[in-house]
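Data block below; observations after.
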Amino acid sequence: MRMTKKIREEQLAILEKIYAGAKPALLFRNPFELLIAVILSAQCTDKRVNVTTARLFQKAATPEAILALGLEQLEDEIRDCGLFRNKAKNILATCQILCEKYGGEVPDDFAALQTLPGVGRKTANVVESVGFHHPAIAVDTHVFRVSNRLRLAVGSTPLEVEQGLRKAIPMDKWSDAHHWLIWHGRKVCKARKPLCDGCPLASVCPSFSPAAEGA
DNA sequence: CTCCCGATAT
DNA sequence: ATATCAGGAG
């Protein structure tokens, strides 16, 4: 199948129709809780993160309070999410910087966010998009995989795919499209065994393979 | 590129 | 048993 601008528009129209109103899977009450939840979400399911943050935020829901927990107690709180030593160290260092340089608030600044320990491009994009409602496209494992399979945007790195998506999607829909692609990746276009049979995008998907092990 | 890492789905 | 999960740092 040859990819054209028209096919990409059809793909987006179908995604919008199916996943209209898609919300973030992570639970949070403010930009700080979102930031912590996203740091914890690396190589971990959102479901597990939500269990962990519910327990954590009940005990400590501000940078000051999390700093007061200390390293060992924070490690115990987040152990189930995996990569817990790195994440605990990064969360404490990030909270320290938030308190010292940003008055205990999460900065609404893409570059500043990326200087925080444990916060890379993907996490900074999520905070800008979901936390502060600015146009941004965070390319996580789902967005990366689904975009490449659809050829909606092709790339060997998340940054390449992000730049491709910026061209393929109108800016006013960047944040919504980010969620459409995530939910499609979670529910249908799964990493291991994509449910190609019955996929609403089958007719516009170059990777469609019926009853097979996927692409 | 490797390492970090427990929980879950297949 | 092993691939994968809202990645980032060295």
Side-chain angles (χ1 to χ4, degrees), chain A residues 15 19 22-29 31-56 71-72 74-97 106 110-133 136-149 153 155-162 165 174-197 211-215:
Chain A
L15 287 168
Y19 303 106
K23 294 188 308 180
L26 296 173
L27 302 176
F28 63 96
R29 294 173 291 185
F32 176 71
E33 291 193 354
L34 174 64
L35 174 62
I36 300 303
V38 178
I39 291 175
L40 288 174
S41 71
Q43 298 295 293
C44 180
T45 61
D46 55 285
K47 191 174 172 184
R48 172 57 48 188
V49 172
N50 286 336
V51 172
T52 298
T53 53
R55 192 158 36 87
L56 172 62
L71 184 58
E72 284 194 19
L74 182 58
E75 285 185 348
D76 287 339
E77 289 289 341
I78 70 172
R79 187 174 305 270
D80 291 350
C81 291
L83 309 179
F84 66 93
R85 276 182 268 268
N86 284 338
K87 289 174 182 175
K89 184 157 35 112
N90 286 334
I91 287 171
L92 285 182
T94 284
C95 287
Q96 184 81 30
I97 295 173
V106 177
F110 185 66
L113 285 168
Q114 283 190 88
T115 68
L116 299 170
V119 179
R121 187 177 185 89
K122 178 260 176 177
T123 299
N125 270 321
V126 172
V127 171
E128 285 295 347
S129 170
V130 178
F132 293 117
H133 308 289
I137 304 176
V139 177
D140 57 46
T141 183
H142 296 302
V143 175
F144 183 80
R145 179 182 66 252
V146 175
S147 296
N148 271 306
R149 282 180 177 168
S156 58
T157 66
L159 179 56
E160 287 174 7
V161 169
E162 179 185 333
L165 289 173
W174 284 359
S175 296
D176 288 337
H178 154 75
H179 286 112
W180 305 339
L181 292 168
I182 286 181
W183 283 103
H184 190 59
R186 282 164 51 87
K187 299 297 186 185
V188 180
C189 198
K190 300 180 184 182
R192 230 195 226 194
K193 194 180 168 190
L195 307 178
C196 289
D197 290 321
E213 303 306 291

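The chains referred to below are lettered A, B, ... by the order of the sequence lines, with proteins before strands, and numbering in each begins at 1. Computed over heavy atoms, backbone and side chain alike; hydrogens, waters and symmetry mates excluded. Remember, it's a predicted structure, so these values are computed and weren't measured experimentally.
- Think of the region where chain A sits on DNA chain C: with heavy atoms and a 4.0 Å cut, that region ends 5' and 3' at C:dT2 to C:dA9.
- Within 4.0 Å (heavy atoms only), A:Leu116 reaches sugar-phosphate atoms of the nucleic acid but no base atom.
- When the P atom is used for both C:dA6 and B:dT2, the distance is 23 Å, rounded to whole Å.
- Proximity of a side-chain donor or acceptor of A:Trp183 to a complementary backbone N or O of A:Val188 within less than 3.5 Å is not detected.
- Using a distance-only test at 3.5 Å, with no hydrogens or angles considered, a donor-acceptor pair links the side chain of A:Thr115 to the main chain of A:Ala112.
- Heavy atoms of A:Pro24 sit under 4.0 angstrom from at least one base atom.
- Looking at which nucleotide of DNA chain C each of A:Val119 and A:Leu34 is closest to, the 5′-most match is held by A:Leu34.
- B:dG6 atom P lies 13 Å from atom CG of A:Asp76, rounded to whole Å.
- Heavy-atom nearest nucleotides on DNA chain B were determined for A:Phe84 and for A:Lys190, and the one closer to the 5' end corresponds to A:Phe84.
- Judged by distance alone, with hydrogens and angles left aside, the side-chain atoms of A:Asn148 form a donor-acceptor pair with the main-chain N or O of A:Gly155 at under 3.5 Å.
- For residues 114-125 of chain A, the salt bridge (charged side-chain N to carboxylate O under 4.0 Å, His left out) pairs, not counting sequence neighbours, are A:Arg121-A:Glu162.
- At a non-hydrogen distance threshold of 4.0 Å, A:Arg85, A:Asn86 from residues 85-96 of chain A come into contact with DNA chain B.
- A distance of 4.5 Å separates CD1 in A:Ile78 from CD1 in A:Ile91, rounded to the nearest 0.5 Å.
- A:Tyr19 is linked by a ring-ring contact (aromatic ring centres under 6.0 Å, His included) to A:His184, counting only residues two or more places apart in sequence or in another chain.
- When the P atom is used for both B:dC4 and C:dA1, the distance is 23 Å, rounded to whole Å.
- No side-chain donor-acceptor contact under 3.5 Å links A:Glu128 to the backbone of A:Ala124.
- With hydrogens and angles ignored, the 3.5 Å screen pairs no side-chain donor or acceptor of A:Lys187 with any backbone N or O of A:Ile182.
- For the pair A:Asp80 CG and B:dT8 P, the computed distance is 8 Å after rounding to whole Å.
- The stretch residues 45-55 of chain A touches DNA chain C through A:Thr45, A:Asp46, each having a heavy atom within less than 4.0 Å of the strand.
- Put simply, the side chain of A:Thr94 gets close to the backbone of A:Pro117: a donor and an acceptor are under 3.5 Å apart.
- Residues passing the side chain to side chain contact (heavy atoms under 4.5 Å, CB included) test with A:Leu27, sequence neighbours excluded: A:Asn50.
- Ion pairing between A:Glu75 and A:Arg85 fails under the 4.0 Å rule for side-chain N and carboxylate O.
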